[in-house]
Amino acid sequence: MSPTDGSPTRSPPVDPDTVAAPEFLPDPTLSRAEMESLQRELAATATFADDHAIEPAAVAIDEPADLTDGLPPARANASDADSRIDPDRPAGPDPNAPVVVGVDQAFLTPEDGADRAVSAAVAVRDGVVTEYASATTPLSIPYIPGLLAFREGEPVLAALDALDAEPDLLVCDGSGRIHFREAGIATHVGVLLDVPSVGVAKSLLCGDPDESTEERPEGWRTPVRADDSVETAAARSAADSDDAPVIGHAFQSRQYPNSRRVNPLYVSPGHRVSAETTVGLTDALCAGYKLPEPTRLADASADAAKRERD
DNA sequence: GCGACAG
DNA sequence: ATCTTGTCGC
């Protein structure tokens, strides 16, 4: 992009050199058919099995962040200097703990006709926020079920680009393997960056839960299997619907004792994580609220960033 | 043609 | 996702 050619300059939302698989960038100018075929190639590249890199216990969060008085400040790693300066000061995060990054978007009110997304990425290590990053990105296409990554992919990547920390695990808002072509936004971003990722959705895009999801107690879970809308080979070749592959789980992360109003989460592997471990990771990352802490923090961060920028 | 559909 | 205060229930 030459500064002398008179064309409007705009820094690219993502530097292709920083992504592991630039051929999978979610280009929103592709045709619908091209988007779908890109997702098929993406799913073939994705790994829905454990990487041996992240274990739920290593990322467990015990205390939920108090958001009543704004976002908690980002903190530096624990070091010997901390205790020398002030022995009473709470220790910073364990520098050896994995970095979990939650990402979420908020949307600016379309004043003209141009929709823009404010995306936030929050790095959490050892249960402590270590960094916040956000980015404002133009949205090229409307929301289309099954093609969410082509609307929100660039915003997510832009926020991750602005983050200094290197994620060991990505927690995305939306599905991963629970997707018509097993390539939801969590899978898309995970493969693109070749980082372990999980998808956490508040509603079900496709698939069939083994059991009814009504009135379930906290901690309850049931497999979600591929249904007819999932066009994957393994999904199509299943003899009975009972043998259809498990593409994710419905997981009740929170519930009230004498009420039945909270709906379950729908969690699925993004990349380099199994369906089983995805539930374990989500469970470990929840600290009393329905959403995993990284997602809850990213949610609040995106809202805060939105207010500042409009 | 009808239904179903993450954010 | 977003437009939005109070309010019913634990």
Side-chain angles (χ1 to χ4, degrees), chain A residues 26 28 32 35-36 39 42-43 102-111 113-121 136-159 170-190 197-209 213 215 217-218 224 226-231 247-251 254-271 278 282 288-292 295-296 298-307 309-310:
Chain A
R32 179 168 185 143
M35 292 180 180
E36 294 179 350
Q39 290 181 328
L42 196 75
V103 289
D104 192 33
Q105 287 75 233
F107 298 87
L108 266 33
T109 315
E111 345 175 290
D115 287 13
R116 288 183 303 163
V118 177
S119 35
T136 300
T137 315
L139 292 163
S140 310
I141 63 169
Y143 165 70
I144 300 169
L147 298 179
L148 181 65
F150 291 89
R151 172 175 168 80
E152 301 186 0
E154 285 199 353
V156 167
L157 294 169
L170 233 40
V171 182
C172 301
D173 58 312
S175 296
R177 192 180 180 184
I178 294 181
H179 181 273
F180 309 127
R181 290 163 292 281
E182 297 190 11
I185 190 167
T187 300
H188 204 133
V189 176
S197 65
V198 297
V200 176
K202 294 180 290 299
S203 57
L204 191 59
L205 174 62
C206 62
D208 280 327
T213 60
E215 304 180 39
E218 198 164 302
V224 171
D227 62 8
D228 292 339
S229 72
V230 179
E231 58 164 55
I247 55 179
H249 288 83
F251 172 59
R254 183 178 193 185
Q255 190 55 278
Y256 299 113
N258 294 313
S259 177
R260 40 139 175 121
R261 41 206 314 194
V262 182
N263 297 124
L265 248 26
Y266 296 93
V267 304
S268 58
H271 182 44
T278 296
T282 304
Y289 290 88
K290 174 172 177 172
L291 295 174
T295 302
R296 213 180 133 238
D299 196 54
S301 179
D303 276 335
K306 172 182 177 175
R307 305 190 168 182
R309 301 181 186 188
D310 77 338

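Computation of the quantities below employed the complete heavy-atom set of this structure, encompassing side-chain atoms and omitting hydrogens, waters and symmetry-equivalent molecules. No experiment lies behind these values; they were computed from the predicted model shown. Order of the sequence lines fixes the chain letters, A, B, ..., with proteins taken first and strands second; residue numbering starts at 1 for each chain.
For the pair A/Asp173 CG and B/dA6 C1', the interatomic distance rounds to 9 Å; values are reported in whole Å. We find that OH of A/Tyr289 is positioned 15 Å from C1' of C/dC10, with the value rounded to whole Å. Atom CG in A/Leu139 sits about 14 Å away from atom P in C/dA1, given to the nearest Å. Nucleotide C/dT7 holds its C1' atom 10 Å from the CZ atom of A/Arg261, rounded to whole Å. Residue A/Phe150 contributes atom CZ, which lies 17 Å from atom C1' of B/dC5 at whole-angstrom precision. Distance, A/Arg151 CZ to B/dA6 C1': 12 Å, rounded to whole Å. As rounded to whole Å, 11 Å separates atom P of B/dG7 from atom CG of A/Asp299.
Looking at every heavy atom in both residues, A/Tyr266 comes nearest to A/Ser203 through CD1-C, 3.5 Å. The two atoms that bring A/Thr282 and A/Pro292 nearest to each other are CG2-CG, 4.1 Å, heavy atoms only. Considering all non-hydrogen atoms of both residues, A/Thr295 and A/Val171 come closest at OG1-CG1, 3.3 Å.
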Handout entry: Test log, rule side chain to side chain contact (heavy atoms under 4.5 Å, CB included), inputs A/Leu139 and A/Gln105
Key = CA-CA 11 Å; A/Leu139 292 163; A/Gln105 287 75 233; over 6 Å; no

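The phosphate of B/dG7 (OP1 or OP2) has a side-chain N or O of A/Ser203 nearer than 4.0 angstrom. For the OP1/OP2 pair of B/dA6 and a distance below 4.0 Å, the side-chain nitrogens and oxygens of A/Tyr266 include no atom meeting the criterion. Within the structure, a side-chain polar atom (N or O) of A/Lys202 is placed less than 4.0 Å from OP1 or OP2 of B/dG7.
Across the interface with DNA chain C, nearest-nucleotide mapping of A/Tyr256 and A/Gln105 shows A/Gln105 to be the residue nearer the 5′ end.
Looking at A/Ile185 and A/His179, their side chains never come closer than 4.5 Å, going by heavy atoms from C-beta outward. Between A/Asn263 and A/Lys290, the closest side-chain pair of non-hydrogen atoms falls below 4.5 Å. Side chains of A/Arg254 and A/Leu265 form no contact here, defined as non-hydrogen atoms less than 4.5 Å apart.
If you check C/dT2, C/dC8, B/dG7 against the side chain of A/Asp303, the one that comes closest is C/dT2.
By the criterion of a centre-to-centre distance under 5.5 Å and near-parallel planes under 30°, the ring of A/Phe107 forms no stack with the base of C/dA1.
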Completion exercise
Writing each nucleotide of DNA chain C 5' to 3' as (, ), [, ], | or . by Watson-Crick or G-U pairing under 3.5 Å yields ..........

